[in-house]
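Everything on this sheet refers to the single structure shown next.
Atom set for the values below is all heavy atoms of this structure, side chains included, hydrogens, waters and symmetry mates excluded. Note on naming: letters A, B, ... go to the chains in the order of the sequence lines (proteins, then strands), and numbering restarts at 1 for each one. All of these numbers come straight from a predicted model, not from anything done at the bench.
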Number of protein chains: 4
Amino acid sequence: MARESTRSKVHAAVLSLAHESGLGAVTMEGIAARAGVSKQTLYRSWDSTGSILFDALLARSVDAGGEVAVPDSGDLSNDLRALATGMIAELTDPAHERLLRAVTAELQADDGLADRFRELLLVPQQSAIVDRFRRADVAAPDDVAELFVAPIFHRWLLRSRPFCEAWVTAHVERIVRLAEHAATPGLPRREG
Amino acid sequence: MARESTRSKVHAAVLSLAHESGLGAVTMEGIAARAGVSKQTLYRSWDSTGSILFDALLARSVDAGGEVAVPDSGDLSNDLRALATGMIAELTDPAHERLLRAVTAELQADDGLADRFRELLLVPQQSAIVDRFRRADVAAPDDVAELFVAPIFHRWLLRSRPFCEAWVTAHVERIVRLAEHAATPGLPRREG
Amino acid sequence: MARESTRSKVHAAVLSLAHESGLGAVTMEGIAARAGVSKQTLYRSWDSTGSILFDALLARSVDAGGEVAVPDSGDLSNDLRALATGMIAELTDPAHERLLRAVTAELQADDGLADRFRELLLVPQQSAIVDRFRRADVAAPDDVAELFVAPIFHRWLLRSRPFCEAWVTAHVERIVRLAEHAATPGLPRREG
Amino acid sequence: MARESTRSKVHAAVLSLAHESGLGAVTMEGIAARAGVSKQTLYRSWDSTGSILFDALLARSVDAGGEVAVPDSGDLSNDLRALATGMIAELTDPAHERLLRAVTAELQADDGLADRFRELLLVPQQSAIVDRFRRADVAAPDDVAELFVAPIFHRWLLRSRPFCEAWVTAHVERIVRLAEHAATPGLPRREG
DNA sequence: AAATAACCGAGACGGTACGTCCCGTCTTCGC
DNA sequence: GCGAAGACGGGACGTACCGTCTCGGTTATTT
């Protein structure tokens with residue numbers, strides 16, 4: 001398997017290409033040229049630009065300390081607001097956005113990639129959020145977490161409505177209200 | 001602009017190609033060949049396969065009676081359940097899914113296409129749903145409608161979790177509960 | 001089929017490449033680049049570098065007036081000497097040799113090319129020589145012509161022995177002697 | 001230099017590849033794989049597929065008893081006919097032809113290979129034939145031997161005319177006639 | 001017998017060329 | 001005079017070999 005130096009050269013190349021020239025400019029030949037690597041070396045380790053892109057994202061995420069840090073201050077509202085703000089910041093960060101959209105686009109056509117994406121990035125991240133709800137004794141924490149996260153992705157993926165501070169506040173408030181009503185009744189809750 | 005017969009031949013060609021051979025097989029040359037039309041004719045009316053695909057989807061949607069029929073029986077829960085089931089059925093219909101995913105993927109890279117998509121397909125559909133909530137005197141009907149729709153798209157786009165009947169029921173119940181609490185208080189509601 | 005200007009650009013390119021850089025440097029990509037032509041254009045009209053090379057040689061030969069000029073002064077010895085000297089000059093001309101060797105090498109591996117080569121270049125040339133012998137009333141002119149030509153090619157192809165003036169003279173003398181003995185007896189011969 | 005077992009494995013590999021898959025299929029990588037040898041081992045001992053091919057042919061020829069056996073029954077005509085028939089059989093033997101053509105093709109492009117080929121295979125073989133003519137007291141035995149051999153190679157290399165029994169007979173007869181006239185006059189000849 | 005070197009298999013690597021597909025433009029020719 | 005048919009320059013695809021270059025794991029001495 002690929003030498004470590006090769007992998008990192010390739011990762012750097014694909015990230016810079018995706019960032020500066022957009023999605024369509026990410027080609028196997030372009031990556032090879034930018035990384036100073038032969039095409040065969042790419043094909044030995046990856047089977048598509050999507051794989052490389054995903055691998056690069058994953059490596060970066062691992063380097064960056066790995067798991068998503070879900071804040072847990074005891075105040076659910078504040079924590080969710082911070083979380084939402086962070087997610088939005090990451091999704092709309094000009095340095096990342098094109099890259100993330102590229103991967104999302106590839107997911108639509110490549111089932112294998114979608115599987116890896118789900119298992120390695122989506123599930124861990126979502127689990128962390130679910131745990132935060134569970135710690136707040138929310139019933140059906142999976143579903144509530146999804147309800148919290150989905151509108152953010154929806155707006156981003158379908159560009160249906162722009163993000164704004166007011167909406168984040170209102171959204172968090174709605175989710176918290178829902179969570180309270182869904183909280184297991186009769187049990188002392190760690191937080192109010 | 002293209003002759004009507006040309007447009008329909010092209011629409012038929014692109015739909016059949018997308019359906020039978022997958023996303024990658026939709027090329028300008030392929031469409032031209034399948035439609036019995038010259039490439040120049042395609043380029044005169046469209047600028048990418050995404051445009052053609054989108055145009056075809058739009059035409060089909062118009063032919064099919066146009067707007068999404070949001071049920072309005074007076075029973076919000078039943079109506080939402082029917083609506084959700086219908087959306088899920090359309091999104092996962094093997095005859096359409098590849099096509100819809102193809103367009104979604106193109107949206108990530110093509111801002112102009114994303115704009116047209118939002119204005120011509122997304123907004124009308126979403127408005128109809130918002131209207132349904134408004135008719136039920138739900139406060140912030142836009143946000144609630146989004147909260148209703150987003151998890152469905154989220155599951156479909158990121159393939160995060162499969163669809164199942166039980167989830168639909170629970171999801172609708174959660175949305176309705178939220179809507180009730182958000183309903184403008186003090187006004188007689190058409191439904192309970 | 002290819003535009004005439006394309007053909008001539010390609011011919012010029014392949015001839016110059018073969019001349020200056022040797023046999024191995026003649027590649028489809030190289031020809032395309034040198035000719036300012038796309039690879040697809042080459043593949044539309046030819047299936048190998050050998051075909052292009054052969055086509056170029058043929059075109060050049062046609063442009064140059066076509067058929068081999070076999071001298072016919074009435075003096076068989078002198079004519080044969082001139083013919084042999086001309087053939088040797090052409091085969092060893094530094095401007096052509098690599099090119100001719102390239103084609104000869106390709107003939108060994110490509111039956112179709114060998115057929116075309118034989119029919120379009122070899123047979124006409126050989127026929128002209130046979131005719132010269134026939135006009136001298138030589139019996140079995142085909143075989144004698146072959147006996148005349150073969151050693152020249154043999155030395156060239158297998159590099160068995162170098163060419164020199166003395167050998168040419170001796171060779172021609174031997175062939176003429178053989179031809180005289182083989183001449184149809186009892187008939188007045190045009191030449192002695 | 002390579003271990004003897006390696007050499008023979010490589011020879012076997014290259015011969016079988018050339019035989020079964022044709023000239024183009026003989027590659028360094030293919031030979032290494034077939035022989036169960038690393039590429040580096042090949043490059044340590046040879047510099048091209050042509051070298052290996054030639055080396056294999058040479059080894060085979062040495063194994064087979066080495067020199068060409070030129071028949072010497074005392075009857076020049078019969079001996080030459082046998083010799084010609086043998087050469088033609090070898091050249092057109094389906095088991096060898098592709099291989100021999102491959103080497104001949106390589107000779108056109110590789111001067112060093114051509115030198116080795118001439119010295120190690122061609123000269124010894126040709127000398128044996130020259131000796132046969134010399135024993136028959138033929139004058140200029142080199143040239144006559146060449147005249148005898150050249151048409152056979154000519155027909156084979158340029159595929160100019162097919163081999164047939166009648167031609168062999170006529171060819172031998174012509175050569176013998178020429179040889180008689182060229183025989184040193186006034187000396188008793190060992191044969192008539 | 002253990003130490004030491006030479007050799008070898010395996011195969012990653014930067015490259016070049018292959019032959020194909022599709023891009024978007026431009027030209028030709030028939031209805 | 002419009003439009004199909006398709007040639008054209010170009011760029012990327014994925015593959016096959018090239019010749020070079022480490023790697024370990026034998027072999028075969030050499031001590």
Side-chain angles (χ1 to χ4, degrees), chain A residues 1-7 9-10 24-49, chain B residues 2-3 5-6 9-10 17 21 24-49, chain C residues 1-7 9-10 24-49, chain D residues 1-7 9-10 17 21 24-33 35-49:
Chain A
M1 175 45 60
R3 218 177 280 167
E4 195 46 45
S5 69
T6 299
R7 293 181 68 85
K9 276 191 298 181
V10 169
V26 177
T27 64
M28 290 302 235
E29 294 212 332
I31 297 169
R34 174 70 62 99
V37 138
S38 86
K39 284 204 292 176
Q40 201 55 41
T41 297
L42 294 188
Y43 284 107
R44 242 192 301 273
S45 300
W46 299 276
D47 58 2
S48 68
T49 55
Chain B
R3 216 178 281 167
S5 70
T6 298
K9 275 192 298 182
V10 169
L17 278 173
S21 311
V26 177
T27 65
M28 290 302 236
E29 295 211 334
I31 297 168
R34 174 72 62 101
V37 139
S38 89
K39 287 204 295 175
Q40 204 53 243
T41 301
L42 291 188
Y43 282 106
R44 218 172 285 129
S45 301
W46 298 277
D47 60 2
S48 68
T49 55
Chain C
M1 177 44 63
R3 219 177 279 166
E4 194 48 43
S5 70
T6 299
R7 293 180 68 85
K9 276 192 298 183
V10 169
V26 177
T27 66
M28 288 304 234
E29 294 212 331
I31 297 169
R34 173 71 62 99
V37 137
S38 86
K39 284 204 292 176
Q40 200 56 41
T41 298
L42 294 187
Y43 283 107
R44 243 192 300 274
S45 301
W46 297 277
D47 59 2
S48 68
T49 54
Chain D
M1 174 50 65
R3 217 177 280 167
E4 194 48 43
S5 71
T6 298
R7 293 181 67 84
K9 275 193 297 182
V10 169
L17 279 172
S21 310
V26 177
T27 66
M28 290 302 235
E29 294 211 333
I31 296 169
V37 138
S38 91
K39 288 204 294 175
Q40 204 53 245
T41 301
L42 292 188
Y43 283 107
R44 218 172 285 127
S45 301
W46 298 276
D47 60 1
S48 69
T49 55

* D:Thr41 vs D:Arg44 side-chain heavy atoms within contact, under 4.5 Å -> yes

* Structure fact -> On DNA chain F, more 5' by nearest nucleotide between B:Val37 and A:Thr49 is B:Val37

* Closest heavy-atom contact between C:Trp46 and C:Met28? -> O-CE, 4.3 Å

* Just how far, in rounded Å, is C1' of F:dA12 from CZ of A:Arg34? -> 17 Å

* To do: Describe the nucleic acid contact of D:Gly36 in one word from base, sugar-phosphate, nothing, applying a heavy-atom distance below 4.0 Å.
  => sugar-phosphate

* Is there a donor and acceptor pair closer than 3.5 Å between the side chain of B:Lys39 and the base of E:dG24? -> yes

* Would you indicate, yes or no, if E:dG14 has its OP1 or OP2 atom less than 4.0 angstrom from a side-chain nitrogen or oxygen of A:Lys9? => yes

* **Side chain of A:Arg44 (C-beta onward), nearest among E:dC13, E:dC18, F:dC18** => E:dC13

* **Side-chain N or O of A:Thr6 closer than 4.0 Å to phosphate OP1/OP2 of E:dC13** => yes

* When rounded to the nearest 0.5 angstrom, what distance separates OG in A:Ser48 from CG in A:Leu42? -> 11.0 Å

* **Out of F:dG19, E:dC18, E:dC8, whichever nucleotide has its closest atom nearest the side chain of D:Glu29** => F:dG19

* Per B:Thr27 side chain, nearest of listed nucleotides F:dC18, F:dA4, E:dC22 -> E:dC22

* Between C:Asp47 and D:Ala35, which is nearer to the 5' end of DNA chain E once each is assigned its nearest nucleotide? -> D:Ala35

* Asked: Taking the side chain of C:Thr41 as heavy atoms from C-beta outward, which of E:dG14, E:dA10, F:dC8 is closest to it?
  -> F:dC8

* To do: Measure from the side chain of D:Ser38, starting at C-beta and using heavy atoms only, and say which of F:dG19, E:dA10, E:dG24 lies closest.
  => E:dA10

* Asked: Which whole-number value in Å describes the distance from D:Trp46 CH2 to F:dC18 P?
  -> 15 Å

* When only distance counts, do a donor and an acceptor, one from the side chain of C:Gln40 and one from the base of E:dC21, lie under 3.5 Å apart? -> yes

* C:Leu42 CG to E:dT20 P: how many Å, rounded? -> 12 Å

* Structure fact -> In terms of heavy-atom contacts, B:Ser38 and B:Ala32 come closest through C-CB, 4.2 Å

* Taking the nucleotide of DNA chain F with the closest heavy atom to each, which residue, D:Gly30 or A:Met28, is nearer the 5' end? -> A:Met28

* d(OH, A:Tyr43; P, E:dG14) in whole Å -> 15 Å

* Structure fact -> Looking only at heavy atoms, the pair that brings A:Val26 and A:Ile31 closest together is CG1-CD1, 3.9 Å

* Calculate the interatomic distance between B:Ile31 atom CD1 and E:dC22 atom P; express it in whole Å. => 11 Å

